[in-house]
Structure formats: structure tokens, C-alpha cells
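Data first, discussion second: the structure below is written as C-alpha cells.
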Amino acid sequence: MDFILSTEHEILRKSVRDFAENEIKPIAGDLDEREEFSYETMKAMADLGLFGMFVSEEYGGQGMDYIGYIIATEEIARVDGSHAATVAAGNSLGIGPLYYYGNEEQKRKYLPPACRGETLWAFGLTEPNAGSDAGNTQTTAVLDGDEWVINGSKIFITNGATDITAGAIVLTKTGTRRDGKSELTTIIVETGTPGFEAKAMHKKMMWRASNTSELYFEDCRVPRDSILGPSGDGFHHMLGTLDGGRLSIGAMGLGGAQGAFELGLKYARERVQFGKSIMSFQVNSFKLADMATEIECARLLLYKACWLRDQNMPFGKEAAMAKLYCSEVMGRCVDHAVQLHGGYGLMKEYDIERFYRDHKLLEIGEGTSEVQRIVISRQIGAV
Ligand SMILES: Cc1cc2nc3c(=O)[nH]c(=O)nc-3n(C[C@H](O)[C@H](O)[C@H](O)COP(=O)(O)OP(=O)(O)OC[C@H]3O[C@@H](n4cnc5c(N)ncnc54)[C@H](O)[C@@H]3O)c2cc1C
């Protein structure tokens, strides 16, 4: 066994960490307060090569392994959840399905600008009445001559309504299978297509500087060849995309937990009560010991899942475990870290307040913790 990361991965971690510390950390609180998506930071993240890391060079990507992408996401999440969300969704949910399921023409058309970070793509799965039960999609696509006609709506879609959003990959119902279940197909819908409207959602508790949107389709017509893969493959695309997405949510949990730990450690060292650093009270140092231990376990679990993926081995169970564990570890870490901060931890001047809010989505997005436990139960034969 080898637990040492390659020199290339270590260099990547350092460069993303330096970038996150210098370019994102100073502005993250303000953007969160103003609910503002920063196009400037988006461009800087793209210039650093954070989009299309796992895409081969022929389509404009970096040709890196998945673990590299996960380390980069972890490092952005160590300072801010919103920016990490833009990167994670932009790659796993936007670029990922185009790269893995698109045909040659679609890949050549859409991937290079997305890998340069000039465009963002969204993945539209969730609907007002189809969340955890995403297979129950009610958005329909009906073939009419050489066009698909799409009707329906999607909700909570990350990166769906930015100024640089090139479109969405949308899960639609295209029929009913012999077993009575819906036949699902993923369709590419470009921004500006008549009948397609994306509206930004506001007043979020968390990820306030990331873009979340509602997508509306009203007799929206797209060419017949806009589908990803063969028609009817949508369920498979959904599961495959979510497996990869779970690794990136795991990375956000791990990075957020690491960031919360470091904030808690620093504060506990500096804060003096009863004439001593509060760190000298064992109840507080034990909190930090527990956080460090859980973070170590989370990192091992997540990196193992990524390693399996990079070896082209089955990784669905490990991805669900990593997503579940990393997001819940971040929950315990932000709770401990706020507790260490006392009343100051509840004030917006302190970054830990934002971490506390940002964490909650990780237990809900891309399959809630309950859904992860269902996925794991199935994989271990506990159903
Ligand atoms: C900021 C943000 C960004 C998002 N980005 C995207 C995106 O880019 N693309 C996208 O498609 N979606 C996105 N989502 C949607 C997200 O994936 C869903 O919110 C999530 O899957 C849960 O669906 P729901 O909110 O409808 O909750 P529901 O499915 O209604 O669940 C409500 C509760 O019931 C529980 N529950 C449901 N079914 C079961 C069951 N069988 N057993 C036990 N408990 C169950 C859930 O665990 C949860 O606690 C985003 C959401 C947010 C808030």
C-alpha cells in the first residue's frame, strides 16, 4: 500500500491552496453577504485550470486523474463552499456528462470552452415533485419530426443561470418502458433556445455566492441529435453522473471540515479565559483531537473511492460512503468549531459562521444522507 500522494498532486494542492488563500478567502464573506456570483474569481479559477481537469487534452482538458480534481475541490472548499460548489458542479455535473456520454460532435463543440471556463453547464435533474425520487421526472420530451419538444421545469439547479451558462443537460421522460417505469433521456438544451428560461433563485441559507436556478421549458424545441447517448439511457447517465458528483461533494465536506478545524484550532490557541488559552482546557483540545481523527478517516475513505475510480474499478458504494461520511464529518467539525468560538462564532465577521451554514447543503444535495444510506444498504445486501 502507498499512502503518499505524487509530487504532481502535492504541487497541485499547494498551488490551489495558495490561490484559495490569496484570491478567495479575502472576498468570500463579502460575496456571501451580497449573494453575488463572482465572474472575476470564476475566470481566475479557470485560468488556474480548475475546469476540465479530468477531461483529456484533445477536448481542451488537463488530462489529469480524478484524485487531482478532488484535491483541487477540497482545497477550494477549505476556504469557501460557494466557490467550491461552482467548481464541483461545473465539472462533475456540467462537463462530466458531456464528456462521458456525449458524441464526438457534442464533445468537440461544448467541451473546449467549458474547459477554458468561458462557459458553464448545468445538470437539471431535480424537479419540484421529483427530488430524492429523481427517476419520477415529470419534464417530458416528445419527438416531433426532427425535434424534441420539452415541457416541464427543474429546481435548485447549480450554475443554471449565470451570464456564462451555455445551457443545461436535462433529464426528461421520453416514454414508458415495458415494466411500467419511465423511459428517461438526457437532452442538451442551449441557453437562448426559445421556450427555455433560467431564473436565479435567491435568499439561500448557504452557498450564497454560487448560482442556483429554476429552469422552465415551454414547448421548447431542440434538434433531434441534442440527446446524450441513445434515447432511454437517461437513468444510467443520472446514476453515473451522481456517482462522480458524490466524490466532489465528499471533497467539499472534507475541505470544509479541514477549514473548520483550522479555524477552531487557531481561535482556541488565541482565546484567553480564566487567564489561560481555552486550548489548555482538555474538553476543548479533545474536540480538536476528535475533529482531526475524523478528518483523517474522511480523507482516507474519499481518496480510496477516487483511487477505485481512477483504476476503472466499481466505486459507487465507496462514493456514497465518502459523500455521506465527509458531509457528516464536516457537520460535526463546524459544530465543534463554532462552539470553540463561543458567541463570536455566531457573528458574520468570523468565517466559521459561513462554514456552519454552507455545510448543511452537503447532507442534502446530490442525494440526501438518507438516500446515501439507502444506496449503501443496497450495495451491502442490507435490504
Ligand atoms: C443549493 C442547491 C443546489 C442544488 N444543485 C442541484 C443541481 O445542480 N442539479 C440538480 O438536479 N439538483 C440540485 N439540487 C437538488 C438536490 O439534489 C435535492 O434538493 C435533493 O436531491 C433532495 O431532494 P428534495 O429537496 O426534493 O428533498 P425530498 O426528496 O423531498 O426529501 C425530503 C426529505 O425526505 C427524505 N426522504 C426522501 N425519500 C426518502 C426515502 N425513500 N427514505 C428515507 N427518507 C427519504 C430526504 O432524505 C429528506 O430528508 C440542489 C439543491 C440545492 C439546495
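Note that ligands are numbered from 1 as they come in the structure, with each ligand's atoms numbered from 1 the same way.
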Between the side chains of [Y] and [X], is the shortest nitrogen-to-carboxylate-oxygen separation below 4.0 Å, so that they form an ion pair?
X: Arg221; Y: Asp144; value: yes
X: Lys199; Y: Glu214; value: no
X: Asp351; Y: Arg354; value: yes
X: Glu21; Y: Arg78; value: yes
X: Arg332; Y: Glu294; value: yes
X: Arg299; Y: Glu74; value: yes
X: Lys43; Y: Glu118; value: no
X: Glu75; Y: Lys14; value: no
X: Arg108; Y: Glu104; value: yes

Residue part near ligand 1, for [X], under 4.0 Å between non-hydrogen atoms:
X: Leu125; result: both
X: Leu361; result: side chain
X: Leu93; result: side chain

Residue, atom name and distance, where the atom is the protein heavy atom closest to [atom]:
atom: atom 17 (O) of ligand 1; result: Glu366 N, 3.3 Å
atom: atom 8 (O) of ligand 1; result: Thr158 N, 3.0 Å
atom: atom 49 (O) of ligand 1; result: Glu370 OE1, 3.6 Å
atom: atom 20 (C) of ligand 1; result: Ile364 O, 3.4 Å
atom: atom 1 (C) of ligand 1; result: Met206 CE, 3.6 Å
atom: atom 10 (C) of ligand 1; result: Thr126 OG1, 3.3 Å
atom: atom 4 (C) of ligand 1; result: Phe156 O, 2.8 Å
atom: atom 24 (P) of ligand 1; result: Gly131 CA, 4.0 Å

| task | Have a look at Ala134, Ala168, Ser132 and point out the one with the heavy atom closest to atom 37 (C) of ligand 1. | result |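 The option holding the nearest heavy atom is Ser132.
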| request: Nearest heavy atom to atom 22 (C) of ligand 1 wins, so pick from Ile374, Ile155, Thr368. | output: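 Comparing heavy atoms across Ile374, Ile155, Thr368, the nearest one to atom 22 (C) of ligand 1 lies in Thr368.
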| message | Out of all atoms in ligand 1, which are within 4.0 Å of some heavy atom of Phe123? Include the element for each. | response |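 Going through ligand 1 atom by atom, the ones under 4.0 Å from Phe123 are 7 (C), 8 (O), 9 (N), 10 (C), 11 (O).
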| request: For Ile157, take its heavy atoms, then give the atoms of ligand 1 lying under 4.0 Å from any of them. | output: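 The atoms of ligand 1 under 4.0 Å from a heavy atom of Ile157 are 7 (C), 8 (O), 9 (N), 10 (C), 11 (O).
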| message | Minimum heavy-atom separation for Cys306 and Ile70, please, with both atom names. | response |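 Closest heavy-atom pair between Cys306 and Ile70: SG-CG1, 3.4 Å.
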[atom] within contact range, any protein heavy atom under 4.0 Å:
atom: atom 35 (C) of ligand 1; value: no
atom: atom 41 (N) of ligand 1; value: yes
atom: atom 32 (C) of ligand 1; value: no
atom: atom 53 (C) of ligand 1; value: yes

| query | Just checking, is any N or O donor in the side chain of Ser82 or Ser210 under 3.5 Å from an acceptor N or O on the other one? | reply |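 Ser82 vs Ser210: no donor-acceptor pair found between side chains.
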| query | Looking at Phe54, Tyr100, Trp307, which one forms a ring pair (Phe, Tyr, Trp, His ring centres under 6.0 Å) with Tyr66? | reply |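 Running ring pair (Phe, Tyr, Trp, His ring centres under 6.0 Å) over Phe54, Tyr100, Trp307 with Tyr66 returns exactly one hit, Phe54.
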| message | With a 4.0 Å cut-off on heavy atoms, is Lys154 in contact with ligand 1? | response |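 Lys154 does not count as a contact of ligand 1 under the 4.0 Å cut-off.
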